[in-house]
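Scroll down for the structure; my scribbles are underneath it.
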Protein chains: 4
Amino acid sequence: MAGSMNKVILIGRLGRDPELSYTPNGQARAKFSVATDEGYRDRQTGQKVERTEWHNVVAWRQTAEFCGNYLTKGRLIMVEGKLQTRKWQDQNTGQDRYMTEIVADNVQGLDRAPDGQQAAQGGHQGGYQQQNNYQQQGQQAPQAQQQSYQQQNTQYQQQNPNQGQPQQAEEDLGPAFPSEASGMDDVPF
Amino acid sequence: MAGSMNKVILIGRLGRDPELSYTPNGQARAKFSVATDEGYRDRQTGQKVERTEWHNVVAWRQTAEFCGNYLTKGRLIMVEGKLQTRKWQDQNTGQDRYMTEIVADNVQGLDRAPDGQQAAQGGHQGGYQQQNNYQQQGQQAPQAQQQSYQQQNTQYQQQNPNQGQPQQAEEDLGPAFPSEASGMDDVPF
Amino acid sequence: MAGSMNKVILIGRLGRDPELSYTPNGQARAKFSVATDEGYRDRQTGQKVERTEWHNVVAWRQTAEFCGNYLTKGRLIMVEGKLQTRKWQDQNTGQDRYMTEIVADNVQGLDRAPDGQQAAQGGHQGGYQQQNNYQQQGQQAPQAQQQSYQQQNTQYQQQNPNQGQPQQAEEDLGPAFPSEASGMDDVPF
Amino acid sequence: MAGSMNKVILIGRLGRDPELSYTPNGQARAKFSVATDEGYRDRQTGQKVERTEWHNVVAWRQTAEFCGNYLTKGRLIMVEGKLQTRKWQDQNTGQDRYMTEIVADNVQGLDRAPDGQQAAQGGHQGGYQQQNNYQQQGQQAPQAQQQSYQQQNTQYQQQNPNQGQPQQAEEDLGPAFPSEASGMDDVPF
DNA sequence: TTTT
DNA sequence: TTTT
C-alpha cells in the first residue's frame, strides 16, 4: 500500500453504450470500452497513420450508475482509475486466461450529451457508499441500498463510514473489492 | 465539477521536515516543500545542467499527521494532489499576492526511513473523515486521536461518513475547504 | 533527473483566447489560463458549492502555435505539463515575487471548435525541435514557418526534426529552458 | 490523436530482473513485471488485507537498455507509459488471446541500487530517435552503443539524436510501433 | 477570465 | 465497437 501507485488516466470515446448490471447482492456494475487514438508517421512510407487502442473499463456503484444512465456510445469521456488483471480458467482448454481492465473511480463526460439527455456533461467520482436506492426495477433485482441520501464528492474524496458504531447490513454491500465481485461472472468479458 | 480535472503528481525530496500545526478548530495541517529535478543539455555550451524545482505542498488531517510524524528532510516521497492558488493582500503595499500550492490527498514515502523511525515507508491517503476530533487545544497539543484505527485505504478511496445519523460536532470540523482554513494564516507561506 | 516526477494534468476551459507572442530569438510562446471546477458540499449549510480554480499555462514552439491558432476562449481543453515557479523582484518594493505556471507539453482541444474554425479538435504535443526557425524578427513578426509540415505526435512523443540534414542556426534557437526565455518578460504575467 | 489520452503511472517493485533482448533489426526491448500493492479493509472480517497487482511492462530502445542494465529484481521503480493490448491466436485452440502491457516511455529507479551497481538511481525517458544503430547482430549481441551519451532528459522530453550529422540507416530502425515489433514474438509473454 |  |  505504501510506496505504490497504480494510476490510469484515459480520454477517449465510448465504443458502445455502457452495460449496467447488478451483482447478486445489489452492486451496480457498468462495463464499457473506450477508444484512444494515437497518431504516428510510418517510417517506411512516411505516411501518417492513426492507431486506435481499446480499453476495457469497469465501474462500480454510483459511478456505474452514472455511466449507465448518462453516457452513451460515441461520447468523449475521461476515466481515472487503476489497472486490474483478472485470471480465470478456460472451461474448454483448462488454460489460464487473463483480462486486464481499468477499474474506474472517476468518470466524466467531456462533450455535450446528445439532445434529450439530461445531466449531460456530468461526471462522477464513485464511492462505496454512493449507491442509489433503486427499487428493484431493472437488471438483476438489487435490494437494500437504502443509503442513497449520502453525500458524495466531498472535498477530500474520501469519507468515513460509520464513525464509532457497527455498520449494519454488511451482507448487502457486496465484496469490498470489485475483483471479487467480478469473479461472479461466468464469462469474463 | 464535471468535465474537469486538476491533478498533480510529484516524486521528489523533502527540503525540510514537514511543519505540522493545527488550526483553531483542530484541523491538522502539514506544510512542506518538495524538490524535483530535471536534467537538460544546455544548447549553447552542450553541457548537462540539472535544474531543481521547488514545490509548496500542504496536507490536511490524517495525511498531515502522517507527514508530520513519519516524513523527514531528505526523504524521497510521492505526492498526489491538486493545484490551488491562494490570494492575499500585501499588508504593506496593498498589492495582490498569489501563492500556488499542491493540496495533497495522497503522500507516500518511497525510500527507507532513517533508522529509529517506525512506519518507515508508509503512505497515507487522506480523508475528510479521517480527522481526529481535536478539542481545540490549539497548536501542537493534540490529544486523543482516538480514531486513528480508521486509517485505511479502502478500495474506492471514499467512504461514507455517518450513515443514517446526524453528524455531531460540526463546529469542530473546520472549514470544508483547506483554502478557507488556510485563510487563517497571517503569513501565507 | 532521476527519481523525480513533476507532472500536471488539467481538464478545463480557457478563460480567454491564448496570447501568442514571440521571443526576440523567434520562439513562439502562448499564454493562457484554464479554469477547473470542483464541487463540494458546504458542511455548515449542506449546500452544494462549486469552486473554480484558475491555472496559468505557458506553451512553447509548435504547441504554442497550435494554442494560438486553434484554441479560443471557452474551449474545453486538456493540458499535460509540469509545474514551474518563476521568481522576480518587484520593481517598486524590491520584494521577491513568485509565479507558478504549468509549462505545457501536450495540449488538446476536447470539444468541438466553433464554426468557421478549422482543425477544430486537434491537439499538439510540443517538441524542442519542433520550432520554426524564425530569423529574429522579434515579437509579432514571425514569417516563414517553413517547417510546419513536420510530423508531430509520433509514437514515442519525440521526434527527430532533422532527418538527414544538418541543423543550422543553433544560435537562433533560444534558451533551452522556457523559464530562461520567459525571463525576458518585463511583466511576469 | 486529438482529444485522446492514454496514460499509466506506476510505482512498484520489479518482480524479476528485466529481460533485455533485441529484435532482428536491432531494437532493444526490455520486459519486466511490476507489483503494486493496495491495502483495504475486508468488510466481513474487518481485517486489513493487502492485495498485489502485477503489471507487464515493455520498454524499447534506450529506455530498454537502461532497464536491462541498471534495474534489478526488487528495485522500487516508477513507470510512465501507455496501455497497449496485443492480440494473437492460440496456436492450439485457435482462440483469440489478448495481453495488455504498459509500454513505458519513462522509467526511473527510486531506491538505491544494490552495492556494486553503478548509475544507481538513474532514470530514463526513452525516445524514438534514441536508439542505438545496432547493425543487425541479432539477439544479445549489441555492439557499439556509440550514442549512449545522448541519454539526457531535455526539457521537452524530446531530443535530437542527430546533432549536425546525417542519420543513416533508416532501414535499420525497425517498425515505428513497438506492437509491430513485438509481433515478431513467437510467445506473447 | 471559462463553462454548466 | 467510437470519433475526426
Side-chain angles (χ1 to χ4, degrees), chain A residues 10-19 30-39 48-57 67 70-79 107-115 117-124 153 189, chain B residues 1-6 85 87 96 98, chain C residues 10-19 30-39 48-57 67 70-79 107-115 117-124 153 189, chain D residues 1-6 85 87 96 98:
Chain A
L10 304 177
I11 297 175
R13 292 194 182 273
L14 279 170
R16 295 194 190 166
D17 290 352
E19 294 170 29
K31 295 193 172 192
F32 50 96
S33 58
V34 175
T36 57
D37 294 318
E38 173 181 30
K48 274 199 175 182
V49 186
E50 188 119 326
R51 188 176 176 282
T52 296
E53 186 73 37
W54 287 96
H55 308 269
N56 293 304
V57 183
C67 295
Y70 296 117
L71 299 180
T72 49
K73 171 178 169 178
R75 290 286 307 274
L76 184 70
I77 64 171
M78 184 280 286
V79 174
V107 177
Q108 298 185 14
L110 298 180
D111 52 5
R112 188 65 40 93
D115 288 341
Q117 186 104 6
Q118 59 175 147
Q121 201 193 101
H124 200 272
N153 280 333
F189 64 100
Chain B
M1 174 164 59
S4 206
M5 173 172 256
N6 175 0
T85 297
K87 179 186 180 179
D96 284 340
Y98 299 87
Chain C
L10 303 178
I11 297 174
R13 292 193 182 273
L14 280 170
R16 295 192 190 168
D17 289 352
E19 295 170 28
K31 295 192 172 195
F32 51 96
S33 59
V34 174
T36 56
D37 294 317
E38 174 182 30
K48 274 201 175 179
V49 186
E50 189 119 326
R51 189 177 175 281
T52 297
E53 187 73 37
W54 285 97
H55 308 269
N56 294 303
V57 183
C67 295
Y70 297 117
L71 299 181
T72 48
K73 171 179 168 178
R75 289 286 306 275
L76 185 70
I77 65 172
M78 185 280 285
V79 174
V107 178
Q108 297 186 15
L110 298 180
D111 51 6
R112 188 64 42 90
D115 287 343
Q117 186 105 4
Q118 60 175 147
Q121 199 193 102
H124 200 271
N153 282 335
F189 63 100
Chain D
M1 172 165 59
S4 205
M5 172 171 256
N6 176 358
T85 297
K87 179 185 179 179
D96 286 339
Y98 299 88

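Numbered from 1 within each chain, the chains take letters A, B, ... in sequence-line order. Small disclaimer: the values here were computed from a predicted structure and weren't measured. Note that these values count all heavy atoms, side chains included, but never hydrogens, waters or copies made by symmetry.
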Starting from [atom2] on [N], measure out to [atom1] on [X] and report it in whole angstrom.
X: D:Met5; N: F:dT3; atom1: CE; atom2: C1'; result: 18 Å
X: C:Glu50; N: E:dT3; atom1: CD; atom2: C1'; result: 9 Å
X: D:Tyr98; N: F:dT1; atom1: OH; atom2: P; result: 11 Å
X: C:Lys73; N: E:dT1; atom1: NZ; atom2: P; result: 9 Å
X: A:Arg51; N: F:dT2; atom1: CZ; atom2: P; result: 17 Å
X: C:Leu110; N: F:dT4; atom1: CG; atom2: C1'; result: 13 Å
X: A:Lys31; N: F:dT2; atom1: NZ; atom2: C1'; result: 19 Å
X: C:Trp54; N: E:dT3; atom1: CH2; atom2: C1'; result: 9 Å

Could you tell me which non-hydrogen atom of C:Phe32 sits nearest to which non-hydrogen atom of C:Pro18, and how far apart they are?
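That would be CB-CA, 3.9 Å.
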
Base-paired stems in DNA chain F, each at least three Watson-Crick or G-U pairs under 3.5 Å:
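Correct response: none, since no qualifying run exists.
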
Measure distances between side-chain N and O atoms of C:Thr52 and base N and O atoms of E:dT2, and say whether any donor-acceptor pair falls under 3.5 Å.
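In this structure, the two groups form a donor-acceptor pair.
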
Set of side chain to side chain donor-acceptor pair (under 3.5 Å) partners for C:Ser33, sequence neighbours left out:
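Applying side chain to side chain donor-acceptor pair (under 3.5 Å) to C:Ser33 gives none.
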
Residue from A:Leu76, A:Thr36, A:Ile77, A:Val34 passing side-chain contact (heavy atoms from CB on, under 4.5 Å) with A:Arg13
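Per the side-chain contact (heavy atoms from CB on, under 4.5 Å) rule, the option paired with A:Arg13 is A:Leu76, out of A:Leu76, A:Thr36, A:Ile77, A:Val34.
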
Of all the nucleotides listed ([options]), which has the minimum atom distance to the side chain of [X]?
X: A:Ser33; options: F:dT2, E:dT1, F:dT1; value: F:dT1
X: C:Arg16; options: F:dT3, F:dT1, E:dT1; value: E:dT1
X: C:Ala35; options: E:dT2, F:dT2, F:dT4; value: E:dT2

Is there a donor in the side chain of B:Ser4 and an acceptor in the side chain of C:Asp37, or the other way round, less than 3.5 Å apart?
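There is no such pair between these side chains.
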
Residues forming a side-chain contact (heavy atoms from CB on, under 4.5 Å) with D:Lys87, sequence neighbours excluded
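D:Lys87: side-chain contact (heavy atoms from CB on, under 4.5 Å) contacts with D:Asp96, D:Tyr98.
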
Just do the salt bridge (charged side-chain N to carboxylate O under 4.0 Å, His left out) check on A:Arg51 and A:Glu53 with the steps written out, would you?
CA-CA 7 Å; A:Arg51 188 176 176 282; A:Glu53 186 73 37; 3.0 Å; yes

Close side-chain approach of C:Val107 to C:His124, heavy-atom, < 4.5 Å:
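Side-chain contact under 4.5 Å: no.
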
